[in-house]
Every structure is written in structure tokens, then in C-alpha cells.
Amino acid sequence: MLQENTGKVICTHTWSSAIAHIDADAFFVACEQALNPSLKGKCVAVGKERGIITALSYEAKQKGIKRGMRLNQAKNICRDLIVLESHYETYSLFSVRMFEILKRFSPLIEEYSIDEAFVDLTGLRRLHSKTYKEIALSIQSTIKQELNISVSIGVSLTKTLAKLASKLKKPYGITLIPGNQIHLFLKDTPIEDVWGIGPNTASLLKKLNIRTALEFVEKDENFLKRYLSKPYIQTYNELKGIQSIEFIPKLPNKSISKAQSFAPSNKESFIFSELVKNLELASYKTRRHGLFAKKLTVFLKTSDFQVSFIKVALSIPTNLPIMLTNTLKEAFNKIYTQGLFYRQTGIVLSDLTEKTQQDLFEDTVKIEKIERIYKALDKINSRFGNNTVCLASSLASKQNKKQHLNLPFIDIKI
């Protein structure tokens, strides 16, 4: 609860709008702990395969361990630290399920990252027969009950305020900032903590004697326009409770890419398998948004970070991986060098369109059958995780990873 304090009220409308920011707590580690409850309450980190800490539990943070720290350094700080390999397909599964839960509470969701989302709750109090705080509590408890992970939630009039609020009480906290209490919150918020204000801009503002978010919004807008560009004026308005950053689902409009690093390998079948996996994941995303790709870009990165790539124009726009595997293999053969060690493969689907077109020489009946198959596969994969059902050519990169979730592995030949 924000403490009462004298000061100028910035916005008199208590709830002219209600935007919630949902932020999962120590997400990657939380997923591992949900699958293995014996890890709860312990110093846990992930990133073993990269040799650095990529995510860590709150217990590990309290010991002084930080993201990006090398494993030997982290172990010197905390000898009891448990370091696990990252399992991104596992985290993706939890993410999909978390966003599906959020859709039960509001039809308007903006997926900001794998573990963050904005939810527009405006006007939904009557529908849920609850206050905004009670809705936030329901979201929090539902995610905890169904996924066994915790989230922190901030609710306020704008996205910027909601994102600031969600950081205030972590982990597993809820903070509400109604319009008539914005000034109480901003007076204790350092300017560098404001979403969208980077170190350089914060340094400039401090030179202008602006050290807190409240001092920022108390400045005249014309004064700020002399020193700052439009995005920062939007942040200025957002902090005053005026929605200026548009709330829209994150729909791709130019390209969709997928890349994944792995331990350096010179095994051709494995490298191509990783490439097919990326194709399947990128294609799935295009289907989710009802888009079709006209161009395909394939790239490979060697162990010494040299990149080779090739672009291919597709004769017919598509979002079906099985329609692209032959093209993918031909492209792969042109840029792959036998004997070289590779560390990453990637796919870019670009020149996206919402409409496909029929070709007189294409088997339309066959394509329609494949589309129906992928509709069924997408339902399975959305429930059990990306690539639960996949092309045989990507099996080499998935076999060990699916075992992490204890899912049965069935090899079906057609």
C-alpha cells in the first residue's frame, strides 16, 4: 500500500483505464522447480551448457550471484549452487500455458516476452464481479495452481506505470496504482528505473536536475521537447496516467525468425535437424498470426562465428514446413561445408502476407489436407509444447530434450 504524503495529484481519475503487467518470477528457474519440486528454496541457476549464468533463483541472487557470471565464479560465491542446463522448449511450453490462462481474464493480451505480458482489464470488473485487485489475485493464484510458478502483477492506468508497479513487490507481489496515487509512487522512483529510459537519457535528465519520475512529470512538456524525442514524451504522458503507448497484440509484419545455438558439432544430420526444428517453430508462429511467407532465408554460424546464408524466393506463399523441406535441403547443401564445426542455425521467413494464392500446377487437394493436418498438430503442440509432434528430419535435435518433460517418444513412419 502506498503511503500517504503531501504533493500535487497528477491524475484525479482513479481508474479511467486498467492495464495489468504480469511478470513471471525467476521464470526459467521456476519452470525447472515446477518440474522438480526438490529444487524449491535452493540456490539454482540455469546456463550450464553456455558456461555462464543465464537465469537464477531469488535464493541465488541473495548470495550475490548475477546473470552473466561465469560458472566457476558463481560456484566460488556459493558452493551449494545447483547449475542446470537450459531447456527452452520447456520454458516455451510454460509460457504458452501462462498466456492461455491470461486469455481467460481478458480478450486483449500483449505478449511482451516469453515471461511477460500486458493485459487490458478496463471495464472487466462487472464481468468478473471483482475489483481490479481481486482480478489480479485470481490471475496470480490460477497461474500458481495450474503451473506451480509465481508471477508478480502491477495494475495502473498505463503500460509504463503497470510495468513499474510489477517490480515493486517481487516475488509473488501485487501492486495497484490508481490515478489519484500516481504522485506517491513516482516520488520514490529513480528516473533510471522508468521503462523506456536508458542510461544515457537518464544521465541527461539528471544534468537537468531531474532525478525522480515525479520530477520528470512535473516539468513542462515544452521544456522536455527541447531535449528529448517523441518516444520520451510518450513516456512522460504515460507516467501522468495518459495512455500514449498503443496497446496492441504483437503481430509480426515484416519477418519471423528463429535461431538456436548448440554445442559446436560437425555432424551434418544433427546440424540439418536443428535447422528443420527452427523452420517448424518459425512456421508455427506464422500460422498463429494467419501469415504466409514469400521468402526464406537460411543461415549457419560456425564455431568461430563465421556466418553463411542464402535467400530463396518461394513460388507460392506458405506457412507449412513440409512444403519447404526440399527447398530447405537445397539451400542447406549450398552453404554447408563438410567437416566444419557449427554452433548455430537459423531461419527467417519474410515478405509476409495475410493471403495465399493458388497455382494452377499445385495439387490444391493435397495442400488442403496438409493444412488440416497442421491445424490438428498445432492444437497438440500448443497443449504439450512446441514440436511435440514434429518432422522426422528434426528428431536428432529433439530426442533428448523431450525426455526432460517425460513425454513419450513415438516414431511414426508414413
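- Taking every heavy atom of both residues into account, E268 and K329 meet most closely at OE2-NZ, 3.9 Å.
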Take E215 and K187, measure what salt bridge (Lys or Arg N to Asp or Glu O under 4.0 Å) needs, and give me the verdict at the end.
CA-CA 8 Å; E215 291 173 341; K187 72 180 181 65; over 6 Å; no
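- Separation of atoms CD (E100) and CD1 (I109) is listed at 10.0 Å; rounding is to 0.5 Å.
- Taking 4.5 Å as the limit, every side-chain heavy atom of T235 sits out of range of all side-chain heavy atoms of N237.
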I'd like to know whether T327 forms a side-chain contact (heavy atoms from CB on, under 4.5 Å) with L296, so could you lay out the CA-CA distance, the side-chain angles of the two residues, the decisive distance to 0.1 Å, and finally the verdict.
CA-CA 9 Å; T327 302; L296 168 69; 4.2 Å; yes
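- The shortest distance between side-chain heavy atoms of I19 and V119 does not fall below 4.5 Å.
- The number of heavy atoms from other shown groups lying within 6.0 Å of OH (Y172) is above 12.
- Two residues are said to be in side-chain contact when any heavy atoms from C-beta on lie closer than 4.5 Å; L239 and V194 meet this criterion.
- Taking the side chain as every heavy atom from C-beta outward, F299 and I335 never approach each other to under 4.5 Å.
- Annotation: the span from K130 atom NZ to L124 atom CG amounts to 12.0 Å, rounded to 0.5 Å.
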Any chance you could lay out the side-chain contact (heavy atoms from CB on, under 4.5 Å) test for S166 and I153, step after step, and finish with the verdict?
CA-CA 5 Å; S166 67; I153 302 177; 5.8 Å; no
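- No donor-acceptor distance shorter than 3.5 angstrom exists from the side chain of T201 to the backbone of I197, with no hydrogens or angles considered.
- Between Y112 and F118, the ring planes are perpendicular. Angles over 60° get that label, and only those under 30° would be called parallel.
- Without hydrogens or angle criteria, T142 side chain to S138 main chain gives a donor-acceptor distance under 3.5 Å.
- Smallest separation of non-hydrogen atoms from Y132 and G123: OH-N, 3.2 Å.
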Assess the residue pair E49 and S86 against the criterion (side chain to side chain donor-acceptor pair (under 3.5 Å)); give the C-alpha distance rounded to whole Å, side-chain angles, the decisive distance to 0.1 Å, and a yes or no.
CA-CA 7 Å; E49 76 285 355; S86 305; 2.9 Å; yes
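- Remark: side-chain polar atoms of D351 are not paired, donor with acceptor, to backbone N or O of K295 under 3.5 angstrom.
- Between I347 and L275 there is a side-chain heavy-atom pair separated by less than 4.5 Å.
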Worked check of side chain to side chain donor-acceptor pair (under 3.5 Å) between Y342 and E274:
CA-CA 11 Å; Y342 291 89; E274 285 284 333; over 6 Å; no
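- A salt bridge links K225 to E221: at least one charged side-chain nitrogen sits closer than 4.0 Å to a carboxylate oxygen.
- If you check the side chains of S152 and D25, you find a donor sitting under 3.5 Å from an acceptor.
- L161 contributes atom CG, which lies 7.0 Å from atom CZ of F185 (distance to the nearest 0.5 angstrom).
- Among all heavy-atom pairs drawn from L157 and P178, the shortest one is CD1-C, 4.0 Å.
- Under a cutoff of 6.0 Å and an axis angle of 45°, K61 and Y58 form a cation-pi pair.
- Across every non-hydrogen atom of A293 and L314, the tightest pair is O-CD1, 3.4 Å.
- Taking the six-membered ring where the residue is Trp, the centroids of F262 and F270 are separated by under 6.0 Å.
- Counting heavy atoms of neighbouring residues, nucleotides and ligands inside a 6.0 Å radius, atom NZ of K48 does not exceed 12 of them.
- Judged by distance alone, the side chain of S156 and the main-chain N or O of T158 form no donor-acceptor pair under 3.5 Å.
- Not counting sequence neighbours, the partners of F332 by the ring-ring contact (aromatic ring centres under 6.0 Å, His included) test are F272, Y336.
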Would E238 and S244 count as a side chain to side chain donor-acceptor pair (under 3.5 Å) here? Give the steps.
CA-CA 6 Å; E238 287 259 319; S244 300; 4.9 Å; no
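- T318 places a side-chain N or O within 3.5 Å of a backbone atom of L320 that can act as its donor or acceptor partner.
- Between the side chain of K42 and the backbone N or O of S38, at least one donor-acceptor pair lies under 3.5 Å.
- Ring planes of Y91 and F28: parallel class, angle under 30° (limits at 30 and 60°).
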Salt bridge (Lys or Arg N to Asp or Glu O under 4.0 Å) between E280 and K258, worked out
CA-CA 9 Å; E280 290 181 299; K258 187 64 185 179; over 6 Å; no
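- Remark: M98 CE to E111 CD distance equals 8.5 Å, nearest 0.5 Å.
- In K133, the NZ atom is not crowded: 12 or fewer heavy atoms of neighbouring residues, nucleotides or ligands sit closer than 6.0 Å.
- Put simply, the side chain of Y227 never gets that close to the backbone of F223: no donor and acceptor are under 3.5 Å apart.
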Apply the test side-chain contact (heavy atoms from CB on, under 4.5 Å) to residues I233 and L224: give CA-CA distance (whole Å), side-chain angles for both, the deciding distance (0.1 Å), then the verdict.
CA-CA 7 Å; I233 304 303; L224 295 176; 3.9 Å; yes
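- Q344 has its side chain out of reach of Q260: every pair of non-hydrogen atoms, C-beta onward, lies at least 4.5 Å apart.
- Without hydrogens or angle criteria, S283 side chain to L279 main chain gives a donor-acceptor distance under 3.5 Å.
- With hydrogens and angles ignored, the 3.5 Å screen pairs a side-chain donor or acceptor of T122 with a backbone N or O of A18.
- Around CG of N326, the count of heavy atoms belonging to other residues, nucleotides or ligands within 6.0 Å does not exceed 12.
- A search for ring-ring contact (aromatic ring centres under 6.0 Å, His included) contacts involving Y232 returns nothing, not counting sequence neighbours.
- Looking only at distances, no side-chain donor or acceptor of D193 sits under 3.5 Å from a matching main-chain atom of T189.
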Under the criterion salt bridge (Lys or Arg N to Asp or Glu O under 4.0 Å), I'd like the reasoning laid out for E134 against R125: C-alpha separation, chi angles, the key distance, then a yes or no.
CA-CA 9 Å; E134 289 170 339; R125 286 178 291 189; over 6 Å; no
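- Summarising the geometry, atom OG belonging to S150 is positioned 10.0 Å from atom CG belonging to D23; distances are rounded to the nearest 0.5 Å.
- Across every non-hydrogen atom of I65 and C78, the tightest pair is CD1-CB, 3.8 Å.
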Intermediate values then yes/no, side chain to side chain donor-acceptor pair (under 3.5 Å), Q243 and S17
CA-CA 9 Å; Q243 289 190 350; S17 57; 3.2 Å; yes
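- Here the straight-line distance linking atom CG of L176 with atom CD1 of I174 works out to 7.5 Å at 0.5 Å rounding.
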Worked verdict on V312 versus L324 for side-chain contact (heavy atoms from CB on, under 4.5 Å):
CA-CA 11 Å; V312 181; L324 293 170; over 6 Å; no
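- Side-chain contact check for L56 versus V44: every heavy-atom pair is 4.5 Å or farther apart.
- Put simply, the side chain of K294 reaches to within 4.5 Å of the side chain of T353, judged on heavy atoms.
- The nearest pair of heavy atoms linking R67 to T54 is NE-O, 3.1 Å.
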